[in-house]
Amino acid sequence: MNESPVVRLEKDGEIGVIIVNYPPVNALGSGVSDGIIDALNRANADPAIKAMVLMGEGRSFIAGADIRGFGTGRKRPPLGQRTYDVLDASPKPVVAAIHGYALGGGLENALACHYRIAVPSAKVGLPEVLIGILPGGGGTQRLPRVVGAQAALELITSGRHVPAPEAAGLGIIDEVLPANANLRAAAVAYARKIADIRPLPRVRDRNVTAEPAVFDAVRKSIARKARNQKAPYSCIAAVEAACTLPFDEGIRRESELFAELENADEAKALRYAFFAEREVAKLPDLPPDIKPCNFAAPAVVGAGTMGGGIAMAFADFGYDVKIMDAAQDALDRGMERIRANYATSVKRGSLAEDERLRRLGRIHPVAGYDDISDCDVVIEAVFERMDVKKPVFEKLDQVLKPDAFLFSNTSALDMDELAAVTKRPERVAGTHFFSPANVMKLLEVVRPSKASPETLMTAMALGRRIGKISAMAGNTDGFVANRSRAPFNSEMVILLEEGCLPEQVDKVMVDFGYPMGPFAVGDLAGLDVGAEGRKRRALANPNYRKLPIADKLVEMGRYGQKTGAGWYRYEKGDRTPHPDPEVAAIIRSVAAGMGVPQRTFTDTEILHRLLFSSVNEACRILEEGKAYRASDIDVMWLHGFGFPRYRGGLMYWADGIGVKSVYAQIAAWHQQYGDRWAPSRLLRELAETGTPFREAKPAPFA
Ligand code: 3H9
């Protein structure tokens, strides 16, 4: 038999080295598993080989099963003949030598090896739950036998990546090599050392038990986060099987549970989200050879809530960052807020004290433009008004080196107008963070017409370097995320005019899967924030649909949590929203003044009113070439607005309903409510041709 093109067996004296080479991440696709089995069989049959090493070429050990193969009716070998069966039945010992990532099936195979060694930078984990499945290659049976039920439950239900030193502490890794070690040479030496040890240590031969209460406690602890999902609970059931059944029966149970999940809607949506998040990094119309510039000295201008959050985002990822505010008291308040935020994280246990000090030490407050003149990338985060931002941009343009990048955190203003006040429009772009900027994962990169490809690539890369998911947006009012969300924001208030209450709408959206209802989120963000944008849009557009109820609340000083009252009322020192009869009375009175007939709503109607309005706007955005792909909009909704990930994203979810049904409903609401529901051209075309939203071909990026 010819050697597999993706797995080869080399000999290093009496050690057989099995090398997986299936770029980019050595996923277990296209013959990799068969190749490993074949190499193992050949090594076991070769009397000159005493022990084997299993390792990956390129950047990783093995990143798991090939996710593209799921849901395609792929054939798996029967139980007992899978790679991990062959590995742990091997009469000669096998050492897994791990670098990069050993995830999912990668770690499962490593656990079926007799020994595991790793470089210190390696990471291991069973992240299957994040794509709606469970570790189906024996991971739910082997990991608990290595680390105990409690730790296995934590790792498998969170899917987190565990650094090699921690994995060694848990017993997953037998030896972490020194940082400068040559992995192959060290693995071969290790294999020589253990070659003659018998019996072979096999994880399947170990035992694990746990009290039923352990599983109940985990089910309880994940209840809120795992709402509407099945995979996390199946993971728990599989680990429970490891603790109650003999190994082979546990494997059968794992297999049954896996089969229930692989083709379920939850797994399909999560797989879609996984690939959408990778696709969003691609800018198909930019020259492929352009590389982002490195930056070493970032600065943030404006020490308000957003500026402070952006500075924290840099510091959290190891960057020394300057934060500048021309007003000393604003700078002091900003630093105070940053200190308080970090202190809260320490109090909650999510940040260690020494790490708090390190991060804080990286944030350098400065009060003058000259203090940031040596910075190579500056993010402006001053008050959201053109007349405030323009002079700041002019000044920055004067003091910064000519090749420094100038980015704005505006959430809606015209980036071309802002770039035009500088002499370097080709080095200007929008970097729109979402609040809180150190927490929310989305970075919307806004593309003004003169921005150079290098500038855009650098802005995208900047986001990734500070842990964000960067997504490109066209320069249109509200850009892509907020523009697609705006009709939802209007519709939720218009529903109140017709007879809904905030708590009713919030309940529907929380039941759908949002962590908080949109009215409660409004109270958190501050209702005065949206009011400013509404005023600006009403001035610019006489047909702008006003929201008198929202305006009334702001007029009354009900700004949300910060004033103790908004859409809800709040007890002093408590953030729990309480439905407020005063708000109900305001709603009734404004609605009566407007002469809107009152009626009742089903949950489905509320959900569709909010989300369909945004689907229609998203189609308009694509039709105008302001986004590359419908899936980019999904990524923005997942990471900017807390859309439930297991529903894929706005457009993916709408595809589940069907483009024709969505169109028919929007057309009906157009008849009933008038222009704000006019179907977009793209929506109509998609409905006529039966093309799913996610296959929509947008206009060239404009
Ligand atoms: C599993 O193992 C099930 C088992 O229990 C057995 C059941 C039977 N498959 O993310 P990147 C592609 S489930 C296919 O940009 P990074 C990715 O699409 C699996 N493709 O790199 C991208 O392609 P492109 C459990 C994959 O360095 C390219 O590789 N494992 C897979 O930022 C680079 O990816 C996981 O869930 C895959 N498994 O991050 C791990 N992985 O260039 C999933 C990656 O065409 N993977 N690709 O856009 C990851 O978390 C990250 O990719 C990783 C690297 C951390 C490994």
Side-chain angles (χ1 to χ4, degrees), residues 6 20 22-30 32-33 36 56 58-79 81-85 87 98-112 121-143 152 155-156 158-163 231 234-235 238-239 251-252 254-263 267-268 270-284 288 441 460-461 463-465 467-470 629 631-632 635 645:
V6 288
V20 179
Y22 185 51
V25 292
N26 295 330
L28 296 163
S30 195
V32 174
S33 295
I36 295 174
R59 52 199 242 213
S60 257
F61 177 70
I62 295 171
D66 188 342
I67 301 173
R68 287 184 204 277
F70 287 124
T72 58
R74 83 211 148 88
K75 287 261 172 301
R76 290 184 76 191
L79 289 177
Q81 296 174 32
R82 297 179 178 174
T83 324
Y84 52 85
D85 298 312
L87 277 166
I98 302 170
H99 77 296
Y101 292 95
L103 299 177
L107 178 58
E108 292 176 302
N109 280 331
L111 288 169
S121 57
K123 293 200 168 125
V124 306
L126 294 177
E128 285 86 344
V129 72
L130 304 176
I131 50 168
I133 54 173
L134 55 73
T140 64
Q141 305 306 297
R142 283 193 179 81
L143 190 66
L155 294 180
I156 295 174
S158 72
R160 76 182 170 93
H161 298 174
V162 184
S234 300
C235 287
V239 175
I251 287 281
R252 264 196 296 282
E254 175 192 272
S255 214
E256 284 162 14
L257 290 164
F258 182 89
E260 288 169 16
L261 298 174
E262 180 180 349
N263 292 313
K268 286 184 193 157
L270 289 166
R271 284 200 289 272
Y272 166 84
F274 175 85
F275 288 113
E277 284 165 354
R278 270 125 199 107
E279 205 58 19
V280 76
K282 298 175 186 158
L283 312 179
K441 291 272 279 182
M460 294 286 285
R464 287 194 292 273
R465 285 186 199 145
K468 306 290 177 206
I469 295 197
S470 305
R629 296 158 282 249
S631 62
D632 287 8
V635 171
R645 188 178 173 79

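For the single chain, residues carry numbers from 1 onward in sequence order. The structure presented is a predicted model; accordingly, all values stated were derived computationally and were not measured. Every number for a ligand or one of its atoms is a count from 1 in the order of the listing.
Within the listing of ligand 1, atoms 9 (N), 14 (C) sit less than 4.0 angstrom from a heavy atom of Asp66. Residue-ligand proximity, Phe275 to ligand 1, at heavy-atom distances under 4.0 Å covers atoms 18 (O). Below 4.0 Å from some heavy atom of Pro135 lie the following atoms of ligand 1, by number and element: 5 (O). When each atom of ligand 1 is checked for a heavy atom of Gly104 under 4.0 Å away, the hits are 2 (O), 25 (C). If you number the atoms of ligand 1 from 1 as listed, the ones under 4.0 Å from a heavy atom of Ile131 come out as 13 (S). With ligand atoms numbered from 1 in the order given, ligand 1 contributes 3 (C), 13 (S) to contacts under 4.0 Å with heavy atoms of Phe70. Interface atoms of ligand 1 facing Phe258, defined by a heavy-atom separation under 4.0 Å, are 7 (C), 8 (C). When each atom of ligand 1 is checked for a heavy atom of Pro24 under 4.0 Å away, the hits are 28 (C), 29 (O).
Atom 35 (C) of ligand 1 has its nearest heavy-atom neighbour, among Ala27, Ala63, Gly136, in Ala63. Heavy-atom proximity to atom 3 (C) of ligand 1, evaluated over Glu279, Arg76, Glu128, Arg68, is greatest for Glu128.
For the pair Arg74 and Phe70, the cation does not sit on the ring face, since its NZ or CZ is not both under 6.0 Å from the ring centre and inside 45° of the axis.
Checking only distances, Ala65 does come within under 3.5 Å of ligand 1, N or O to N or O. Considering both main-chain and side-chain atoms, Gly105 comes within under 3.5 Å of ligand 1 through a nitrogen or oxygen pair. Between Glu108 and ligand 1, a contact under 3.5 Å exists for at least one N or O pair. When only interatomic distances are considered, the shortest N/O to N/O separation between Ile67 and ligand 1 falls below 3.5 Å.
To the nearest 0.5 Å, the span separating OG on Ser631 from CZ on Phe275 amounts to 12.0 Å. Considering CE of Met460 and CG of Leu283, their distance stands at 4.5 Å, rounded to 0.5 Å. Atom CZ in Phe258 sits 4.5 Å away from atom CD in Glu262 (nearest 0.5 Å). Glu128 CD to Leu107 CG: the interatomic distance, rounded to the nearest 0.5 Å, is 8.5 Å. Here the OG-CG distance, from Ser234 to Leu134, works out to 6.0 Å after rounding to the nearest 0.5 Å. Atom-to-atom distance recorded for Leu103:CG and His161:NE2 is 4.5 Å, nearest 0.5 angstrom.
Closer than 4.0 Å to atom 48 (O) of ligand 1 lies at least one heavy atom of the protein.
In terms of modelled atom types and a separation under 3.5 Å, the side chain of Gln141 and the main chain of Ala238 share a donor-acceptor contact. Side chain of Ser60 to backbone of Tyr101: a donor-acceptor contact under 3.5 angstrom is found.
The shortest contact between atom 54 (C) of ligand 1 and any protein heavy atom is with Tyr101 CE1, 4.0 Å. Of the protein's non-hydrogen atoms, the one nearest atom 11 (P) of ligand 1 is Arg278 NE, 3.6 Å. Protein heavy atom in closest approach to atom 46 (N) of ligand 1: Phe274 CZ, 3.5 Å.
Checked for salt-bridge contact, Glu277 and Arg645 meet the test: a charged N lies under 4.0 Å from a carboxylate O. Look at Arg629 and Asp632 and you find a salt bridge, because one of the NZ, NE, NH1 or NH2 atoms lies within 4.0 Å of a carboxylate O, short of that distance.
Contact annotation for Val25 and ligand 1: only side-chain heavy atoms (C-beta onward) come within less than 4.0 Å of the ligand. At a heavy-atom cutoff of 4.0 Å, ligand 1 is contacted by the side chain of Pro127 but not by its backbone.
Within the 4.0 Å heavy-atom cutoff, Lys282 counts among the residues contacting ligand 1. Using a 4.0 Å heavy-atom cutoff, Glu277 is absent from the residues neighbouring ligand 1. Within the structure, the closest approach of Arg59 to ligand 1 falls below 4.0 Å when heavy atoms are considered.
Defined by atom type and a distance below 3.5 Å, a donor-acceptor pair is present between the side-chain atoms of Thr140 and Glu254.
Checked against the 6.0 Å centroid criterion, the rings of His99 and Phe61 do not qualify as a close aromatic pair.
Counting heavy atoms from C-beta outward, Leu143 and Leu111 have side chains that approach closer than 4.5 Å.
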